[in-house]
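Okay, structure first, notes after.
Remember, it's a predicted structure, so these values are computed and weren't measured experimentally. Each chain gets a letter, A, B and so on, in the order its sequence line appears, and its residues count up from 1.
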Amino acid sequence: MTPRDEIEALIARVAMADRRAFATLYVRTSAKLYGICIRVLRDEAMAEDVLQEVYVRIWNRAGQYRANRFSPMTWLIAIARHAAIDRLRRARREGRAVEPVEIAERLYDTEPGPAQQAEARSEARALAACLAELAEDRAEMVRRVYLHGQTYAEMAEASGVKLNTVRTWLRRSLMQLRECLGG
Amino acid sequence: MTGREEDLPGGAEADAAEYALGVLPEPEREAFEARLATEPDLAQDVAVWTEYFATLVDHFPAREPPPAIFRRIEAALHGPPRKPIWRLLLPYLVGAVAGATMAWVAMISGVLLDPEGQPPEVRAELTGDMTLAVRFDPPGRTLAVDLTDGAAPEGRVLELWLIPAGRAPLSLGVLGADGRLVRVLPALLAEHMPGAVLAVTDEPTGGAPDGAPTGKIRARGAPLPS
């Protein structure tokens, strides 16, 4: 059984309310999902809360997994990323923004080194290559939206341009990406 | 219509990417989700974008969460829930059909159409060696089960089964030590609820090991209303 098949089988059993399968799924996947929460939120207490939310959602939504056609790890990552971004946006609204502080960057930020890039999945390499073809600020915009949950309103405020202008930039970049990825 | 399509480039294809990124503003997001349900190409687009974007976290280092987190998750999911209001409202279910013979003698009341015109919640009672009150709320797919009379045999747990007409039983979950089970059913399971029969068996701790009932049927009900 490949790891992918195994995760998929575990999700299917969780959909049938199998608590042991849920525990196994947690053992297999929680370190990756916690790593994402930490890296997005840069705050351990928040990351712990969000991880709890993430697994409650996984338990409740396991039955919907097949319907959306993602690979199982992508499905789990999407849930974790979504929950972490939600929390980060709320923290920013409440002024408890955890801005990318230098120390936090050093602690939590790890850009892929050459070795990691060499091992990367083909999708990861393709996306990295296509992002590199965009203007650097546009590629950074895509990353910030995905990893920091930046909203159009925030980007418009930061850059002093109209919201729809920012949105037009991002949409154009996304269409460029789509074409580059073989859309 | 906002006329947005005229102002912004990319059309539905860009919408799909914005949706996967989580920046598609309301109420566009809601409208887009409605389209997703009926347009497989669009859903495929979202799936492909989601796969690509997920690679942005590939290089994030994994970190073991503190061990207490899993206990918190388990408690959140299976710990003793607050006493739900509906339970206080349903004293009539308790022992209502006490002494009824085990097979098929049950009471179902699919009543209480709510004022908003939502589908009525389904209430059922399972009887036999023990009595259980079941409530299922179709819009929220929320299932709540309460053991109202009787107890699991020593060292055994009670497992609730959904038996769709002509199909093998599907586990709906194991009752907690407090005799309760509350959960949101996955859509695939919820679909099977109308017309199905519910039954409870006693099983080894943790539930039936292979996903099929192994113990004695302790209570069952009549088919749920379709």
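How far OG1 of B/Thr55 is from CZ of A/Arg125: 11.0 Å, rounded to the nearest 0.5 Å. Separation of atoms CG (B/Asp45) and CZ (A/Arg178) is listed at 4.0 Å; rounding is to 0.5 Å. Distance CZ/B/Phe53 to CG/A/Leu127: 7.0 Å, rounded to 0.5 Å. How far CD of B/Glu13 is from CZ of A/Arg171: 10.5 Å, rounded to the nearest 0.5 Å. Between atom CZ of residue A/Phe22 and atom CG of residue B/Leu77 there is a gap of 5.0 Å, rounded to the nearest 0.5 Å.
The two residues A/Gln52 and B/Ala76 have their closest heavy-atom pair at NE2-CB, 3.7 Å. Between B/Leu21 and A/Val142, the shortest heavy-atom contact is CD2-O, 4.3 Å. The heavy-atom pair separating B/Tyr52 from A/Ala126 by the smallest distance is CE2-CB, 4.2 Å. For B/Trp49 against A/Leu174, the heavy-atom pair with the smallest separation is CH2-O, 3.3 Å. Counting all heavy atoms, side chain and backbone alike, A/Arg20 lies closest to B/Gly206 at NH2-O, 3.9 Å.
Side-chain atoms of A/Ile77 and B/Thr50, non-hydrogen and from C-beta on, never get closer than 4.5 Å to each other. B/Phe70 is not listed as a side-chain neighbour of A/Val27, based on a closest heavy-atom distance of 4.5 Å or more.
Comparing B/Ile69, B/Val48, B/Val184 by heavy-atom pairs within less than 4.5 Å of chain A, the highest count is held by B/Ile69. Options A/Ala17, A/Gly35, A/Ala31 differ in how many heavy-atom pairs under 4.5 Å they form with chain B, and the most are formed by A/Ala31. Taking chain A as the reference chain and counting heavy-atom pairs below 4.5 Å, the highest number among B/Ala190, B/Ser171, B/Pro65 is found for B/Pro65.
The pair A/Asp49-B/Arg72 meets the salt-bridge criterion, since a charged nitrogen lies less than 4.0 angstrom from a carboxylate oxygen.
With hydrogens and angles ignored, the 3.5 Å screen pairs a side-chain donor or acceptor of B/Glu51 with a backbone N or O of A/Ser71. Without hydrogens or angle criteria, B/Arg63 side chain to A/Tyr34 main chain gives no donor-acceptor distance under 3.5 Å.
For residues 31-38 of chain B, an interface with chain A (any heavy-atom pair closer than 4.5 Å) does not exist.
Remark: the A/Tyr26 side chain and the B/Glu74 side chain contain no N/O donor-acceptor pair separated by less than 3.5 Å.
Looking at B/Ala208, only its backbone comes within 4.5 Å of chain A, counting heavy atoms on both sides.
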